[in-house]
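Predicted model only: the values in this text are computed from it and were never measured. Naming: A, B, ... by sequence-line order, numbering from 1 per chain.
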Amino acid sequence: MPDTVEPQVQQDVSTAIHRAFEANTAIYPTGGGTSLGFGLPARREGLGLSTASLNRVVDYPARDMTITVEAGITMKSLAETLAKENQLLPVDVPMADRATLGGVIATNWNGPRRFGYGNIRDYVIGIHAVDGHGRAFKGGGQVVKNVAGYDFCKLLTGSLGTIGVITQVTLKVKPIPEAFALATSSISNLEVAEHVLSRLVHSDTTPSAIELLAGPNWSSPLQLVVRLDGTRSEVEWMEERLAEELLHDTSLQTEMLRGEEAVPLWKQLVEFTSQESPLTIRANVVASGTTKIVEAAQSIDPNCSIQAHAGNGVVFVSFSEFPGEGLSRTILGQLQPLATSLHGSVIVVSNPSHSEMTHQCVWGGNHVAFSVASKIKHQFDPKDILNPGRFVYS
Amino acid sequence: MIHKLNPGLVNELRQIVGAESVLTAHSELLVYECDGFIIDKNSPDVVVFPRTTEQIASIVKACSVANVPFLPRGAGTSLAGGCMPVGGGVMIVLTRMKEILEVNLRDRYAVVEPGVVNVWLTQRLKGTGFHYAPDPSSQGACTIGGNVATNSGGPHTLKYGVTVNHVIGVEAVLADGSIVQFGGPTEDPVGLDLVGALVGSEGTLAIVTKVWVRLTRNPQGYRTMLGVFESVDDATNAISDIIGAGIIPAALEMMDRGILEALEAAFSFGFPLDAEAILLIEVDGLEAGLDEQRDQIIEICNARGVREVRQAVDEKERQKIWKCRKQAFGAIGRLSSSFCTQDGVVPRTKLPHILRRIKEIEKKYDLRIVNVFHAGDGNLHPILLFDERSAEQIERVLKASGEILEECLACGGSVTGEHGIGIEKIHYMDKMFSEDDLNAMRNLRDAFNPLNNLSPHKMLPTAGACGMEQKHPGRRAAL
């Protein structure tokens with residue numbers, strides 16, 4: 001672990017980065033440290049910059065359904081604040097007691113409910129950050145609709161702390177739904193799974209999450225979980241309708257979990273990616289390609305565990321052991337070509353062995369987009385002091 | 001700053017797209033001298049109509065070599081001068097790239113060329129159970145490429161979000177003529193969110209040549225209501241109460257007495273002309289929840305002294321209500337020969353305050369101001385009526401507009417919710433943003449458009465200088 005500074009106020013972030021800029025010292029921003037394995041390892045020694053003390057609620061006009069907070073607030077603390085007003089940020093994140101909002105935005109982390117509620121980028125309406133010179137800048141504002149200037153809220157989402165350290169965020173939030181239920185079904189094979197998933201696209205119900213689960217982590221070898229959110233009467237209607245649709249069109253039996261019964265499985269779904277594993281990867285493909293990725297992963301490691309946000313084509317594979325043929329052969333040789341054929345990509349989420357962590361393995365290769373991103377990086381951080389090495393910049 | 005027509009460049013453009021797709025005659029160029037913002041006008045030197053991405057790349061390269069500025073244009077329905085060619089140059093009109101290339105329901109996306117008119121996609125999707133959610137009031141004319149450039153909103157953005165929430169990928173030609181693809185049919189593209197950076201960049205970062213849009217499942221049902229209020233205060237308080245109660249209607253629009261008069265004259269819908277304000281409230285979703293939401297809304301309106309809440313009896317009546325709302329701007333001609341629309345935003349709890357202030361400003365400047373706007377989002381569209389033959393009236397309109405926008409900023413809002421900065425609001429940028437913020441924006445522009453030859457003099461004031469001051473209010477066409 002490098003030495004770490006912990007700014008107490010946002011201004012201190014500017015000061016610390018400006019100093020680092022002058023001294024050409026690398027800065028490694030951290031929130032709760034829950035995603036440190038995400039991306040490539042650090043390229044050179046430097047200084048940690050923890051946002052942990054930047055955890056204040058700046059303004060919470062609950063009746064406007066917006067909130068302004070400092071970026072180091074934990075997702076749990078944010079959720080507790082919002083819950084007092086019966087509101088939520090519907091982004092499901094593991095280790096919420098440690099994970100910070102700034103970290104979630106910087107890693108563009110999205111959980112199961114992305115299908116129904118959208119992604120973190122859809123909720124950030126204002127953002128403050130500090131660039132690689134130590135200059136504070138902002139984008140967006142406090143209102144839900146605003147097209148003044150370039151959208152730094154989007155640009156910083158997924159930027160991995162490489163073009164700016166996020167210090168403050170304004171979010172729009174949602175009311176907590178009155179009720180929810182989880183519909184679970186065992187599925188016999190992947191062919192049936194794709195049939196079921198394609199049927200769900202046309203469902204009369206409005207699922208907030210569509211999860212396809214496989215492997216020893218889960219209670220059955222292949223399982224579908226659909227989350228239904230809404231008012232009590234809406235959820236009751238959806239439970240009945242969904243069970244009918246699945247039985248009638250795909251011969252699936254459905255079990256409904258409600259209230260307290262549903263909590264353990266839901267927790268498992270949110271926390272899955274935080275479990276230690278010799279290798280975790282994420283594939284992003286078209287939704288219809290989900291089962292193909294599952295099949296390919298299982299052929300590499302029959303004991304892998306998989307959670308797919310199947311409505312969105314986002315597949316997490318947690319390998320039971322580090323692939324015997326190595327990372328390059330597994331990813332570059334097999335999974336990436338498959339994902340490319342499904343219009344998407346594969347990235348490494350965590351690889352504790354650090355073996356073969358080349359940028360081709362970790363980030364794949366949209367070289368055109370990377371070269372544009374590099375130009376932006378150079379504008380915001382010309383000395384490459386913000387999280388150097390983490391992402392591929394030329 | 002007029003660019004002398006460069007005959008070599010014109011010949012090259014003719015070779016790229018064919019002579020019939022290049023306009024150079026003054027009379028033909030006049031059509032392209034402005035968008036819906038008609039105060040500042042300037043003709044391009046040449047207009048070209050490419051049909052392919054490769055043609056656009058060649059055009060851009062030719063312009064760069066000739067050192068001539070260039071910019072894209074869709075249908076020209078934008079309202080802030082985003083596609084006005086400051087300093088002339090080559091205008092690349094994208095309306096011949098109008099194919100819907102793919103509709104994929106299984107993976108919930110469509111791929112369209114930039115010149116596809118917004119409503120064409122809606123029509124193509126009819127019967128599929130899906131739709132493309134962003135529905136600007138100009139959707140019958142505006143193009144999806146233009147929607148991407150301006151990050152367009154519309155009445156239903158309250159629940160469904162604006163354009164950027166529904167665009168998952170773009171193909172674009174950069175200012176150096178290279179062709180790039182950011183995002184695509186899959187989510188979470190690796191690296192920076194360049195799709196998010198391009199949407200709403202008002203044509204200053206790249207020319208979008210293909211768009212991947214997310215498709216949204218149609219709601220099972222609707223309840224569309226008109227709440228008739230005796231006072232604007234009661235209506236705006238009801239809006240704030242509805243949002244505060246955690247209800248997210250699909251749309252929540254307000255029309256005041258002034259606009260109702262014009263609408264009634266135009267459409268004979270049967271709006272009560274003695275009401276001070278009408279709220280158009282639509283909830284959508286599962287039938288199982290709609291009556292409950294409707295009743296809750298009626299209860300809130302009752303608590304705020306609503307005279308009556310009328311519900312659309314059938315789909316036909318619902319469509320008629322929406323026609324009135326979306327064509328409201330066409331009806332304003334009945335009130336005044338010229339008008340100027342503002343596009344400020346305030347936090348929703350500040351709506352009662354800002355509407356009172358607008359009333360005071362109306363009195364102070366002895367003007368008539370009518371209101372029809374996206375109330376649920378806090379996105380105002382005060383319409384200032386005037387006679388453009390009177391220089392003295394024009395001055396009052398400008399002062400009143402400025403005061404309204406300043407008040408929006410004082411409330412913690414924005415000077416534009418959906419129309420954009422363009423050239424119209426460029427002098428407000430330094431009121432919303434610090435010099436460091438603006439420099440960060442210039443940095444982003446320089447990464448994409450280092451020579452600033454792609455749509456120059458837009459959105460960002462020149463560093464260290466005052467922005468363009470507005471001399472005339474505009475006669476805007478839509479909202």
Side-chain angles (χ1 to χ4, degrees), chain A residues 61 63-66 86-87 108 118 121-122 131 135-138 141-152 154-155 157-159 175 198 201-202 204 206 230-231 233-234 237-238 284-288 312-314 343-345 347 363-364 366 368-370 372-373 375-376 379-380 391, chain B residues 105-108 129 150-151 153 157 161-162 164-165 180-182 184-194 196-197 200-201 220 240 243-244 246 285-286 288-289 292 345-349 377-379 412-418 420-421 429 432-433 436-437 440-441 443-444 446-447 459:
Chain A
R63 283 171 55 84
D64 284 325
M65 303 199 69
T66 63
N86 198 36
Q87 294 175 351
N108 187 21
R121 93 198 262 273
D122 299 314
D131 72 9
R135 294 181 303 217
F137 68 97
K138 66 175 183 294
Q142 280 85 51
V143 283
V144 295
K145 208 166 163 196
N146 185 2
V147 294
Y150 294 128
D151 194 345
F152 288 136
K154 303 290 178 299
L155 189 69
T157 301
S159 65
S198 62
V201 170
H202 299 276
D204 288 338
T206 54
T231 62
S233 46
E234 284 171 338
W237 182 84
M238 284 195 286
N284 285 79
V285 294
V286 286
S288 59
N312 303 75
V314 181
H343 306 285
S345 59
I347 62 165
W363 291 120
N366 184 349
V368 175
F370 291 175
V372 175
K375 289 178 187 161
I376 298 172
Q379 290 285 340
F380 284 81
F391 185 66
Chain B
L105 298 181
R106 168 64 186 94
D107 294 322
R108 297 184 299 124
T150 53
N151 192 13
T157 61
V162 292
V164 71
N165 307 115
V180 297
Q181 184 185 326
F182 305 145
T186 56
E187 298 185 11
D188 307 340
V190 175
L192 300 181
D193 183 357
L194 300 174
S201 61
Q220 203 176 44
S240 184
I243 302 293
L286 297 170
E292 206 175 310
V345 191
V346 294
R348 294 165 282 205
T349 46
D377 287 317
N379 187 185
S414 170
V415 296
T416 177
E418 55 181 12
I421 297 291
M429 284 298 276
M432 281 189 74
F433 297 105
D436 279 346
D437 302 338
M441 290 183 195
N443 285 340
L444 181 63
D446 289 349
M459 193 193 257

Check: In terms of heavy-atom proximity below 4.5 Å to chain B, should A:T231 be classed as side chain, backbone, both, or neither?
Finding: side chain
Margin query: Looking at chain A, which one of B:P189, B:G285, B:A197, B:S201 has the largest number of heavy-atom pairs inside 4.5 Å, strictly under?
Written below: B:S201
Check: B:G200, B:G153, B:G417: which one forms the most heavy-atom pairs within less than 4.5 Å of chain A?
Finding: B:G417
Note to self: Looking at chain B, which one of A:G158, A:G141, A:G149 has the largest number of heavy-atom pairs inside 4.5 Å, strictly under?
What the structure shows: A:G149
Check: Given side chains that start at C-beta, do those of A:D64 and B:I243 come closer than 4.5 Å, heavy atoms only?
Finding: no
Next item on the list: Could you pull out the closest heavy-atom pair between B:E292 and A:S233, with the gap in Å?
Entry: OE1-OG, 2.8 Å
Next item on the list: Count the heavy-atom pairs under 4.5 Å between each of A:A373, A:S345, A:A287 and chain B, then report the option with the highest count.
Entry: A:A287
Notebook entry, point to check: Is there a donor-acceptor pair under 3.5 Å between the side chain of B:T186 and the backbone N or O of A:H343?
Noted result: yes
Next item on the list: Sort A:S198 into side chain, backbone, both or neither according to what part of it lies under 4.5 angstrom from a heavy atom of chain B.
Entry: both
Notebook entry, point to check: Which atom names give the shortest non-hydrogen contact between B:G420 and A:V147, and what distance separates them?
Noted result: N-CG2, 3.5 Å
Next item on the list: Identify the heavy atoms of B:G412 and A:V143 that sit nearest to each other, and give their distance.
Entry: O-CG1, 3.8 Å
Next item on the list: Sequence neighbours left out, what passes salt bridge (Lys or Arg N to Asp or Glu O under 4.0 Å) with B:D188? Give chain and number order.
Entry: A:R114
Check: Considering only heavy atoms from C-beta outward, does the side chain of B:M441 approach that of A:F152 to under 4.5 Å?
Finding: yes
Check: Which value, rounded to the nearest 0.5 Å, describes the distance between A:F370 atom CZ and B:L194 atom CG?
Finding: 10.0 Å
Notebook entry, point to check: Given A:H202 and B:L105, is the side-chain contact (heavy atoms from CB on, under 4.5 Å) satisfied, shown in steps?
Noted result: CA-CA 9 Å; A:H202 299 276; B:L105 298 181; 4.2 Å; yes
Note to self: Can you tell me which of B:G289, B:G378, B:G413 forms the most heavy-atom pairs within a distance under 4.5 Å of chain A?
What the structure shows: B:G289
Checklist line | Minimum side-chain heavy-atom gap A:L155-B:L444 below 4.5 Å | finding: yes
Next item on the list: Go through the atoms of B:M429 and report whether side chain, backbone, both or neither lie under 4.5 Å from a heavy atom of chain A.
Entry: side chain
Margin query: Quick check: do B:L286 and A:T206 have side-chain heavy atoms less than 4.5 Å from each other?
Written below: yes
Checklist line | Spacing of A:D151 atom CG and B:D193 atom CG [to the nearest 0.5 Å] | finding: 8.5 Å
Next item on the list: Would you mind reporting whether A:N146 and B:V345 have side-chain heavy atoms less than 4.5 Å apart?
Entry: no
Check: Who among A:D204, A:V314, A:V372 has the most heavy-atom pairs with chain B under 4.5 Å?
Finding: A:V372
Note to self: Between A:N312 and B:E187, is the side chain to side chain donor-acceptor pair (under 3.5 Å) condition met? List the steps.
What the structure shows: CA-CA 7 Å; A:N312 303 75; B:E187 298 185 11; 3.1 Å; yes
Notebook entry, point to check: Are side-chain heavy atoms of B:R106 and A:V286 found at a separation under 4.5 Å?
Noted result: no
Item checked: chain A contact via B:T157 - side chain, backbone, both or neither, heavy atoms under 4.5 Å -> side chain
Next item on the list: With rounding to the nearest 0.5 Å, note down the distance linking NZ in A:K145 to CG in B:N379.
Entry: 4.0 Å
Notebook entry, point to check: Side chains of B:S240 and A:R63: does their closest heavy-atom pair fall under 4.5 Å?
Noted result: yes
Item checked: Any side-chain heavy-atom pair of A:F137 and B:N443 under 4.5 Å -> no
Next item on the list: Could you go through the side-chain contact (heavy atoms from CB on, under 4.5 Å) check for B:R348 and A:V144 one step at a time?
Entry: CA-CA 9 Å; B:R348 294 165 282 205; A:V144 295; 3.4 Å; yes
Notebook entry, point to check: Measuring heavy-atom distances to chain B, does A:F380 have an atom under 4.5 Å in its side chain, in its backbone, in both, or in neither?
Noted result: side chain
Check: How many angstroms lie between NZ in A:K138 and CG in B:D437, if you round to the nearest 0.5 Å?
Finding: 3.5 Å
Check: In terms of heavy-atom pairs under 4.5 Å, which option from A:R135, A:Q142, A:K375, A:R121 contacts chain B the most?
Finding: A:R121
Note to self: Counting only non-hydrogen atoms closer than 4.5 Å, does B:V164 touch chain A with its backbone (N, CA, C, O), its side chain (CB onward), both, or neither?
What the structure shows: both
Next item on the list: Would you name the heavy atoms of B:A288 and A:W237 that are closest together and state the gap between them?
Entry: CB-CB, 3.6 Å
Next item on the list: Over all heavy atoms of both residues, which pair between B:F433 and A:A148 is shortest? Give the atoms and the distance, please.
Entry: CZ-O, 3.4 Å
